[in-house]
Amino acid sequence: MRSGHADRLRRALLFGRLPAHAGNRRHPLPAGLCEELEQEYCWVSMRSEQQVAAADGSLKHLLRLHDGEAIEAVALPGTTAPSACLSSQVGCAVACTFCASGLHGVVRNLHAHEFLEQVVLLRRARPLRRLVLMGAGEPTHNLGNLANALEVLRNEGEIGPRHVMVSTVGPAAAIQRLAELGRRFTLALSLHALDQELRAQLIPTQAHVAPLDLLQAADAYAARSGRAYQLEWVLLGGVNDSNAQARDLAAALRGRRVHVSLIRWNPVAELDQLQPSGVAQAEAFAARLHGAGVSCRLRLTVGGDSDAACGQLRRRAQLA
Ligand code: SAH
């Protein structure tokens, strides 16, 4: 195969096309070659087994992997550029007490090609220009494979680092390792609580981590990348949504280059002792941050009618 053919083929694949559609009118691929490539090779190792559309316009895919495991990837309704939320692992080792993804620990890391295939399969339904690594798994636990996949997308897939957001629970050393990749990804930090004891209840595997150290590591990341970071705060009724907690958060964020993303907790069937913040309380929390000059956005739900919270579609498929 000539190298020009290989380049066109790789590019076409990254945009969701099969070898037969890899060439163009001026540079067609030889017909025999296309046929051989399609018959002899497996181009995508996973398949989209189920697609669930939500009222907010997001489209969630349940993806079946070659070894029978399943992950989720979601095409999000685009405000500016069409975006998607990808998984980084099968399951998750972080085990946040409110999250469906970590209910049964981590099964395995995704390979670099499995990151790319999520993009490929979603692109078959919709164009895609931005990524958030906020699906199942902890991206920093699989940073090598993720970084390799993101390099391919940067070079040949038309998704550059500025259009990629990587979400992590920490610790500070994980944020540092992300910084050391030397790419200007936007950082999202899942904080959820400023008080170390409360955060330890929400994320027991991070009990040793001081939230203020995380904020400092995120500041350092932002200084190096030149990009503000995002703080994730899942609003749980009676847990981390009080007026006092909003006031303390606003005080801690004063002077920092940060945007806060508040989301009311999406209920998970197995976790029935928890509840989302009431709408009025969530709005009051957001208003307090706003009032103190903190940039913030409240999402009441994202695809809440389609098992959209992390890991829920996969969980349902396991139970079925
Ligand atoms: N492990 C990474 C990325 C995956 S989770 C991280 O924690 O940042 C992406 C975000 O979804 C995190 O902020 C997580 O706390 C949040 N999340 C998990 N379960 C949720 C639920 N049931 N409702 C709302 N947000 C949830």
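Just so we're clear, the structure is a prediction, and the values are computed from it rather than from any experiment. Numbering of ligands and ligand atoms starts at 1, following listing order.
Between Gln89, Met134, His192, it is His192 that holds the heavy atom closest to atom 14 (C) of ligand 1. Evaluated by nearest non-hydrogen atom to atom 18 (C) of ligand 1, the leading choice among Ala100, Cys99, Ala188, Cys92 is Cys99.
Contact annotation: Ser101 has no heavy atom less than 4.0 Å from any atom of ligand 1. The closest approach between a heavy atom of Val94 and any atom of ligand 1 is not below 4.0 Å.
The ring pair (Phe, Tyr, Trp, His ring centres under 6.0 Å) check on His113 picks up His111, with sequence neighbours excluded. Qualifying ring pair (Phe, Tyr, Trp, His ring centres under 6.0 Å) partners for Phe15, counting only residues two or more places apart in sequence or in other chains: none.
Listed by number with element, the atoms of ligand 1 under 4.0 Å from a non-hydrogen atom of Ser190 are 6 (C), 7 (O), 8 (O), 12 (C), 13 (O). Close contacts of ligand 1 with Val268, meaning ligand atoms under 4.0 Å from a residue heavy atom, involve 22 (N). For ligand 1, the atoms lying closer than 4.0 Å to a non-hydrogen atom of Glu232 are 13 (O). Of all atoms in ligand 1, listed by their number and element, those nearer than 4.0 Å to a heavy atom of Trp265 are 21 (C), 22 (N), 23 (N).
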*Show your working on side-chain hydrogen bond (donor to acceptor under 3.5 Å, both in side chains) between Gln230 and Thr186 and close with a plain yes or no.*
CA-CA 8 Å; Gln230 179 163 308; Thr186 302; over 6 Å; no
_Intermediate values then yes/no, side-chain hydrogen bond (donor to acceptor under 3.5 Å, both in side chains), Gln176 and Glu180_ = CA-CA 6 Å; Gln176 175 69 23; Glu180 281 160 10; 2.9 Å; yes
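With rounding to the nearest 0.5 angstrom, the CD atom of Glu232 is 4.5 Å from the OG atom of Ser261.
On a distance-only criterion, Gly137 and ligand 1 share at least one N/O pair closer than 3.5 Å. Looking at ligand 1, you'll find an N or O of Asn266 within less than 3.5 Å of one of its N or O atoms.
Taking a 6.0 Å sphere around CZ of Arg227, one finds it holds more than 12 heavy atoms contributed by other residues, nucleotides or ligands. Shown here is Arg256, whose CZ atom has more than 12 heavy atoms of other residues, nucleotides or ligands within 6.0 Å.
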